[in-house]
Number of protein chains: 2
Amino acid sequence: MKAITVLLVDDHLVVRSGLKALLGTQPDIDVVAEAASGEEALAQVEQHSPAVVVMDLAMGAGMDGIEAIRKIRERNRRQAVLVFTTYDSDADIVRAVDAGAMGYLLKDAAPEEIFAAIRGAVQGKSVMSAPVASRLFQQLRNPDEVLTPREAELLSLLIEGLSNRELGQRLFISEATVKTHLAHIYAKLGVETRAAAIATAIRREGMR
Amino acid sequence: MKAITVLLVDDHLVVRSGLKALLGTQPDIDVVAEAASGEEALAQVEQHSPAVVVMDLAMGAGMDGIEAIRKIRERNRRQAVLVFTTYDSDADIVRAVDAGAMGYLLKDAAPEEIFAAIRGAVQGKSVMSAPVASRLFQQLRNPDEVLTPREAELLSLLIEGLSNRELGQRLFISEATVKTHLAHIYAKLGVETRAAAIATAIRREGMR
DNA sequence: TGGTCTCTCAGCCTTTTGGCTGATACCGCT
DNA sequence: AGCGGTATCAGCCAAAAGGCTGAGAGACCA
């Protein structure tokens, strides 16, 4: 039986070596390469063609994790990509799955869960941590609460602290339209004020 | 020459084992214990009395890192505590230093930097990553921009999305007073609207 | 004792935001 | 041809937020 070849992608050295040590305890899993950035990850995939890529989404600089997943999947369908990250962001989950991720694990997952995800990934099985699964399920069950692209765009500027007028200028739309979009966003986020919208958006969009 | 005994505190197993592997390469540094929570950390300090405690601030549940630092320093002055965390939050830096941390490192620090910090800590030297140092310096140089305790309290509720009225009710002060505090906070943060205040506060206070 | 800081409160006025209703236009799908 | 979803805009009104000035009480410190 051949071991499962794995590429680790994470911009933190300690996380990489920790994961490597952890995976090293499993005889059927073999870490063949590491990368600290999206660009590096692509190069390593080319060179080693690993069966599974375990990737952190938050990469300090350059290409982000989502982008890297997409590129890997574009060029070569043989790799299964597992997301391994600290936070369970709604947007990231959807985008990662959309980009072709086979699984989504949180860094506080139990070792057994991680091993199982890697073994499952090569067989085409999708594994995700419980909190992640529940969030994804929530989104699929409630499509009404998913923002449209334009709304998402507005929200991303909203959390920069812009006023309605500034939002309008930035997006080349009238203030009236801005208010319409905002009303929809508030309804979907379940809030009443822009302050609350910013607060929940920033938390949902990435950092708990 | 005796090795420096170290306790690792982090709620992520992979980070602990990664750091352990990294420190294991140094003959003069000896990881004698690990803990996944503030409570565990206190117990391990009692039991092993390590020379240095390397601690993540963000602990999933229970006592947070700052609290743990304070407790450790209260009971026993012999430990030097090094903060080892992902984000460089203004508030956390000040609070950690205040609680008695000897150094403040980011997780993307170079291995040599980490080794140096540990070796320095036992000699009473304070080491911090460059970005952290610059932020701290900034704060010390510009005391006008440091929020008062009351203002910080208000800000922490503000980023929950509360309205002026709600803030007043929560803090048992009038809406007028809330507005006064907010005006001061805006001035210190260099913004004009509560939306921008929330945006910059959340970024500054913890998650980039 | 006087100065500074912090926290508290008030009134007044302007600007911004939010709620509501209604309308047009484009697109894709049936 | 019609329907649902999206994006655009307008007007009206009430509520919230923000700018400004002024002021009293307590703490702390020189």
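Heavy atoms only: backbone and side chains are in, while hydrogens, waters and symmetry mates are out.
A heavy-atom distance below 4.5 Å is found between the side chains of L23(B) and F115(B).
A straight line from CZ of R165(B) to C1' of dT17(C) spans 15 Å, rounded to a whole angstrom. Atom CD in E153(B) sits roughly 14 Å away from atom C1' in dT8(C) (whole-Å rounding). In this structure, K188(B) places its NZ atom 9 Å from C1' of dT6(C), rounding to the nearest Å. When rounded to the nearest whole Å, the span between CG of L154(B) and C1' of dT6(C) equals 14 Å. Here dT6(C) presents its C1' atom at 12 Å from CD1 of I173(B), a figure rounded to the nearest Å. Counting to the nearest Å, the C1' atom of dC9(D) and the CG atom of L171(A) are 15 Å from each other. Atom CG of L167(B) is separated from atom P of dC7(C) by 15 Å (rounded to the nearest Å). Atom-to-atom, CZ of F172(B) to P of dT8(C) comes out at 12 Å; the value is rounded to the nearest Å.
Put simply, CG on L8(A) and CG on L19(A) are 5.0 Å apart, with the number rounded to the nearest 0.5 Å.
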Practice task
Go along nucleotides 18-26 of chain C 5' to 3' and tag each nucleotide: B for a protein heavy atom under 4.0 Å from its base, S when only backbone or sugar atoms are that close, - otherwise.
Solution key: BB-------
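The shortest heavy-atom contact between D10(B) and K107(B) is OD2-NZ, 3.1 Å.
Every salt bridge (Lys or Arg N to Asp or Glu O under 4.0 Å) that E34(B) has, sequence neighbours left out, goes to R16(B), K20(B).
Residue H181(A) is the one, among H181(A) and L162(B), whose nearest nucleotide of DNA chain D lies closer to the 5' end (criterion: closest heavy atom).
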Practice task
Under the side-chain hydrogen bond (donor to acceptor under 3.5 Å, both in side chains) rule, what do T177(B) and T180(B) come out as? Steps first, then yes or no, please.
Solution key: CA-CA 5 Å; T177(B) 305; T180(B) 304; 5.6 Å; no
Handout entry: Trace of the side chain to side chain contact (heavy atoms under 4.5 Å, CB included) decision for L167(A) with I173(A)
Key = CA-CA 8 Å; L167(A) 290 171; I173(A) 57 180; over 6 Å; no
Exercise for the section: In sequence, state the C-alpha distance, the side-chain angles, and the governing distance for M55(A) and I72(A), and then conclude on side chain to side chain contact (heavy atoms under 4.5 Å, CB included). Expected result: CA-CA 11 Å; M55(A) 164 138 44; I72(A) 291 174; 4.1 Å; yes
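Neither OP1 nor OP2 of dT8(C) sits under 4.0 Å from any side-chain N or O of T177(B).
Look at K71(B) and E67(B) and you find a salt bridge, because one of the NZ, NE, NH1 or NH2 atoms lies within 4.0 Å of a carboxylate O, short of that distance.
Taking every side-chain heavy atom of R150(A) into account, dA7(D) is the closest of dT17(C), dA17(D), dA7(D).
Using a 4.0 Å heavy-atom criterion, one finds that S163(B) contacts the sugar-phosphate atoms exclusively.
When the local axes at the two ends of the helix from dT1(C)-dA30(D) to dT30(C)-dA1(D) are compared, using 5 base pairs at each end, they differ in direction by 40° after rounding to 10°.
E175(A) places no side-chain N or O within donor-acceptor distance of the main-chain N or O of G168(A), the cut-off being under 3.5 Å.
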